[in-house]
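I have placed the structure first, in the form of structure tokens, so that the comments after it can refer back to it.
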Amino acid sequence: MREDAGNGCYDGGRSREDMFGECHAHIFMDGVNYREAVQRHLHGVDDRVIRRHFKMYREKGITFVRDGGDDLGVSERAREIAGEYGIDYRTPIFAIHRKGCYGGIVGKAYENMKEYAELIREVKAHKGDFIKIMTTGIMDFDTDGGITGEALPYAEVKEMVHIAHEEGFAVMCHTNGAGPVADLVRAGADSVEHGNYVSEETLLMMAESDIVWVPTITVVANMFGCGRFSDELLHEIYELGKKNIRRALELGVHMALGSDAGAYLVPHGQGLLDEWRCFQECAEDEDVLKARIFEGEEKIRKKFRFF
Ligand SMILES: [Zn+2]
């Protein structure tokens, strides 16, 4: 414990002045234009992009970054130079999705469990810090905010988590929807990313489990007024998201901050502060909120690393 325990000591010995870690980022994307971001690394990783983004984290005092992966080798390269910026950086190397389902923008596909297991071995060969899987689509902002595509069946998710755990990896899951998130809890997954549209029942299950929820809600707020999507729909989704975060905090769900930095209109560094502002709207006592977030983040720091 630190000496100033009386005026603000949190889990892991962190004080209220300490900065949060960014628990969900994509170092290869720039928050502006996905296609152009990919182009920059197509003929080899462009270190300048990584360095620019790490500088943005440094400027905000952020020293922990967990990446969501990419299929261009960018996050793998980023891990090699993160130390120069004093950043503890974790990467799944690439994310894994079922062929034909959502996930091509950040990773590699499998068609059966044999291929999935091969991808896990590939992550291991590259010393990935954890496994990232995609079990559902994304929010469809173009229409009604529903979730695109179909969720993977429970049996498949369970098998995927099991195989990854057997190999010693924690599992980060890109998942939306009450049923699919409940499936993750049942499967013993370690973190749920986004997790839009969770229900009371699912939140109760999450609260009783060890799973950490990283809502990345600022992705929605940062698009207000951008003109690409309906503001009415965005505000509706945002309010619902905050309601769920509020309830999750009440119930004791483990939570951590991640902004999906690199996604459209979410800058590296600033994105985490944006996510924090959204969370501030979801709790009365800021000190208690900070302690809760540090607690969830600590779980991530401990589990999501290559052993
Ligand atoms: Zn992401």
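As the structure is a prediction and not an experimental result, all values here were calculated from the model. Both backbone and side-chain heavy atoms feed into the values below; hydrogens, waters and symmetry mates do not. Whatever order the structure lists ligands and atoms in, that order sets their numbers, starting from 1.
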Charged N to carboxylate O under 4.0 angstrom, [X] versus [Y]?
| X | Y | value |
| --- | --- | --- |
| E118 | K114 | yes |
| K108 | E122 | yes |
| D30 | R52 | no |

inquiry  = What protein N/O/S atoms are there under 2.8 Å from the Zn ion (ligand 1), waters excluded?
reply    =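 Near the Zn ion (ligand 1), the protein supplies H24 NE2, H26 NE2, D260 OD1.
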ask   = Is R66 positioned over the aromatic face of F130, cation under 6.0 angstrom from the ring centre and no more than 45 degrees off axis?
value =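 Ring-cation test returns yes.
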message = So which atom in R292 and which in L249 form the shortest heavy-atom distance, rounded to 0.1 Å?
response = NH1-O, 2.7 Å
message = Under the criterion side-chain hydrogen bond (donor to acceptor under 3.5 Å, both in side chains), I'd like the reasoning laid out for H97 against Y102: C-alpha separation, chi angles, the key distance, then a yes or no.
response = CA-CA 7 Å; H97 67 282; Y102 177 75; over 6 Å; no
